[in-house]
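Notes follow once the structure below has been shown.
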Protein chains: 2
Amino acid sequence: MDVLTAMDLLKKNGFKYTDKRRDLLQLFSDEKRYLSAKEVQDSLKENYPGLSFDTIYRNLSTFSELDILEETELEGEKKFRFTCPTKEHHHHLICLKCGKTKEINACPMENITTDLSDFQVTGHKFEIYGVCQVCVS
Amino acid sequence: MDVLTAMDLLKKNGFKYTDKRRDLLQLFSDEKRYLSAKEVQDSLKENYPGLSFDTIYRNLSTFSELDILEETELEGEKKFRFTCPTKEHHHHLICLKCGKTKEINACPMENITTDLSDFQVTGHKFEIYGVCQVCVS
DNA sequence: CAAGCAATAGTAACGATTACGATTTATATT
DNA sequence: AATATAAATCGTAATCGTTACTATTGCTTG
């Protein structure tokens, strides 16, 4: 995923081109880690001092639905990151301090021996948490 | 985990015996599934119409710290269930409608081939979500 | 360049959780 | 049994993250 592809995706789905969206996408493209809405606001407030919550949350939600962003919830807060280049289904090792991630190649669902047939399975979550080398020091 | 063991654990840690705590624990003992604070309030309001948020959240938090309850967060809401009889580390298949669980015997951390050494790993989460047979019909 | 509609700002509302001062209650001590 | 004291609770307010609303702005297309 990159900014241009993302803007094309927006256009293709009837969304409009705005500077805020470009800059928002550029931010995720630069950072490549999980960001909260608050962090987004902080990062963009230099150029857009009055950036509205509505704008931030609505766009993050839109981007997530279009698979431009990957979404998770850490410690009661929604976090978003630019969709990984790895197209296949994957999981993450996540730094709880800065949101930096590392991809985990295996999916635990492949090795389940427990019988799941008495539930209609709709999804799963596997995340490893920690502190990255930069944040630990 | 059962109510008596839990009350003993409380005593042993300097907490007091109250009817509310007993009934709260009895609720979890009866239900054996993930409950939200709101569900707890609803279930107990017959006997304790004015049960305070403070009381509910503080006790849930205390119980969780003493490992009387297992805690997770589903769809932005904290959920608690009586600690499973299985002492060993385990994971859950969870019904998103009623909180009913089924234990998963394997832990994905055992089969990780990805190198984790550039992070100081502090924890992980593996949950399978779905709808149980009762809720699906 | 004007019409139409999406996007946004500013702000209010919301739901879950936490926090607070005043009061009540469990427990240990006398 | 009466009392002291410290914990537990109530009633309510504050907080935090998120969503929703209305008026206004600004993309896009003909």
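Chain letters run A, B, ... following the sequence lines, proteins first, then strands; residues in each count from 1. What you see is a predicted model; the values in this text were computed from it and never measured.
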[X] has an atom [atom1]; how far is it from atom [atom2] of [N], in whole Å?
X: B:Glu75; N: C:dC14; atom1: CD; atom2: P; value: 21 Å
X: A:Phe53; N: C:dA9; atom1: CZ; atom2: P; value: 12 Å
X: B:Arg22; N: D:dA8; atom1: CZ; atom2: P; value: 16 Å
X: B:Asp19; N: D:dA8; atom1: CG; atom2: P; value: 14 Å
X: A:Lys78; N: D:dG17; atom1: NZ; atom2: P; value: 14 Å
X: A:Leu44; N: C:dA9; atom1: CG; atom2: P; value: 11 Å
X: A:Lys16; N: D:dC27; atom1: NZ; atom2: P; value: 9 Å
X: A:Lys20; N: D:dT25; atom1: NZ; atom2: P; value: 13 Å

For this session: Identify, between B:Glu77 and A:Gly14, the residue whose nearest nucleotide on DNA chain C lies closer to the 5' end.
Result: A:Gly14
For this session: Please figure out whether A:Thr55 or B:Phe15 has its closest DNA chain C nucleotide nearer the 5' end.
Result: A:Thr55
Seminar exercise, completed: Of the candidates D:dT9, C:dA9, D:dT18, the side chain of A:Tyr57 sits closest to D:dT18
Exercise. Taking the side chain of B:Asp54 as heavy atoms from C-beta outward, which of D:dG11, D:dG17, C:dA26 is closest to it?
Worked result: D:dG11
For this session: Could you say whether A:Ser52 or A:Gly76 is positioned toward the 5' end of DNA chain D, judged by the nucleotide with the nearest heavy atom to each?
Result: A:Gly76
Are the side chain of [X] and the backbone N or O of [Y] linked by a donor-acceptor pair below 3.5 Å?
X: A:Arg81; Y: A:Lys32; value: yes
X: B:His91; Y: B:Glu127; value: no
X: A:Arg21; Y: A:Met7; value: no
X: B:Lys102; Y: A:Asp115; value: yes

For a quick test of reading the model: is some side-chain N or O of [X] closer than 4.0 Å to OP1 or OP2 of [N]?
X: B:Arg58; N: D:dT9; result: yes
X: A:Thr18; N: C:dT8; result: yes
X: A:Lys38; N: D:dT18; result: no

For this session: Mind checking A:Tyr17 for me? I need base, sugar-phosphate or nothing, with any heavy atom below 4.0 Å counting as a touch.
Result: sugar-phosphate
Seminar exercise, completed: Taken to the nearest 0.5 Å, the spacing of A:Asn59 CG from A:Lys20 NZ works out to 9.5 Å
